[in-house]
Protein chains: 2
Amino acid sequence: MFSKACEYGIRALLYVAVKSHGGERVIISDIAKEIDSPVSFTAKILQQLVKAAVVTSVKGPHGGFEITDEKMKTTTLAHIVEIIDGPAIFRSCGLGLGVCDEGTPCPLHFKYHNVRSELKKMLETSTLEKLIQGVERGSTHLKL
Amino acid sequence: MFSKACEYGIRALLYVAVKSHGGERVIISDIAKEIDSPVSFTAKILQQLVKAAVVTSVKGPHGGFEITDEKMKTTTLAHIVEIIDGPAIFRSCGLGLGVCDEGTPCPLHFKYHNVRSELKKMLETSTLEKLIQGVERGSTHLKL
DNA sequence: TCCGAAATATGACAAAAGTCATCTTTTGCT
DNA sequence: AGCAAAAGATGACTTTTGTCATATTTCGGA
Ligand code: FES
Ligand code: FES
């Protein structure tokens, strides 16, 4: 469904959000350990998200990643997926036609369109703030 | 969402089904032309589907691929996706956790589970027979 | 029986995704 | 000023996915 980069990116961001919520900055090695992901790859993805201004980074001693309460509230999974995997999943044809167009629909178009809308809605209504609540409560997990 | 192999496979099967419905066998070069796909790659995928007994092939002059009315009725997109891409899309965690388990759910689990079920239902209720109706009517397309 | 048409099998190759390692830059602290 | 800790940048490498090409097998028909 999503790329590995996207999966790691979301999990990393959620972990940063949990820590930032508790007032702590977090370093990449800690993130990778806590979400069980490759360190360097995770770093690359976080860089993308820093550029996209979703998360902020601080270099040097006692540096690390952090995310503001404001960003937690306004950033949705839809944003993150679009940044990392691009908009294709929200727009492209399920059967691989060049464009997904009501004018020349593929045989699956109308049904697929529904499911895709559900997915989109789900991602658009999932903010980081909401998602970390379960993690803080210990009822949901970022690794197994 | 689906791999290219899967997209080509579905489109190829639908084209075979349309032709078989009209009593014609169809050769690989014709399929590739009509669904706008690479010939050799499409051949490989069709071989997989022949092994899985979804479609039948006949070698030699006037050979080609064909699919019975019975198979068109009973074969769903869910079957095809599972044959080509495997069962991961129906079962794996949206955030890449090793297993998708109610016991140790990821923060997205419950919402994701819903969407995934919708997708599954959609694919399970889409038989080849139903899907080719639009193609025969000219209202849906296998290439643009 | 021989020829040609077709699927099948195999492997080389290219592109993309994912992983790993190394070096550079920035910055707080002593 | 110098050290060490951290992100940032870069590139090599591996694996997976997708593509292309070539040989082999099967079989109908002249
Ligand atoms: S045209 Fe295929 S999903 Fe819209
Ligand atoms: S555990 Fe992540 S989707 Fe079920």
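Convention: sequence-line order gives letters A, B, ...; per-chain numbering from 1. These values consider heavy atoms only, across backbone and side chains, with no hydrogens, waters or symmetry-generated copies.
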- Message: Working note: B:Asp69 + B:His21, criterion side chain to side chain contact (heavy atoms under 4.5 Å, CB included); need CA distance, chi angles, decisive distance, verdict.
- Response: CA-CA 7 Å; B:Asp69 283 359; B:His21 201 227; 4.1 Å; yes
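Using the six-membered ring where Trp is involved, B:Tyr112 and A:Phe2 have ring planes that are tilted, between 30° and 60° apart.
Residue A:Pro61 is the one, among A:Pro61 and A:Leu46, whose nearest nucleotide of DNA chain D lies closer to the 5' end (criterion: closest heavy atom). Taking for each of A:Gly60 and B:Lys59 the nucleotide of DNA chain C with the nearest heavy atom, the 5'-most of the two is the partner of B:Lys59.
Counting Ile, Leu, Val, Met, Phe, Trp and Tyr side chains that sit under 4.5 Å apart, directly or through other members, A:Leu97 stands alone, with no cluster partners. Chaining together hydrophobic side chains whose heavy atoms lie under 4.5 Å apart places A:Leu144 alongside B:Val99.
Straight-line distance from the CD atom of B:Gln48 to the C1' atom of C:dA9: 14 Å, rounded to whole Å. Rounded to whole Å, atom C1' of C:dC29 lies 8 Å from atom NE2 of A:His62. Between the CZ atom of B:Phe65 and the P atom of C:dA5 there is a distance of 17 Å, given to the nearest Å.
Take A:Glu82 and apply the side chain to side chain contact (heavy atoms under 4.5 Å, CB included) test, not counting sequence neighbours, and it matches A:Pro87, A:Phe90. The salt bridge (charged side-chain N to carboxylate O under 4.0 Å, His left out) test applied to B:Glu124 returns B:Lys120, not counting sequence neighbours.
Side chain of A:Thr75 to backbone of A:Met72: no donor-acceptor contact under 3.5 angstrom is found.
Using a 4.0 Å cutoff to heavy atoms of chain A, the contacted part of DNA chain D runs 5' to 3' from D:dA5 to D:dG11.
In the hydrophobic clustering of this structure, B:Val58 does not group with B:Tyr15; members are Ile, Leu, Val, Met, Phe, Trp, Tyr whose side-chain heavy atoms approach within less than 4.5 Å, directly or through other members.
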For nucleotides 15-20 of chain C, print each protein N/O atom paired with a nucleotide N/O atom at under 3.5 Å, atom names and distance only.
{"unit_1": "C:dG18", "atom_1": "OP1", "unit_2": "A:Lys4", "atom_2": "N", "d": "3.0"}
{"unit_1": "C:dT19", "atom_1": "O4", "unit_2": "A:Lys44", "atom_2": "NZ", "d": "3.1"}

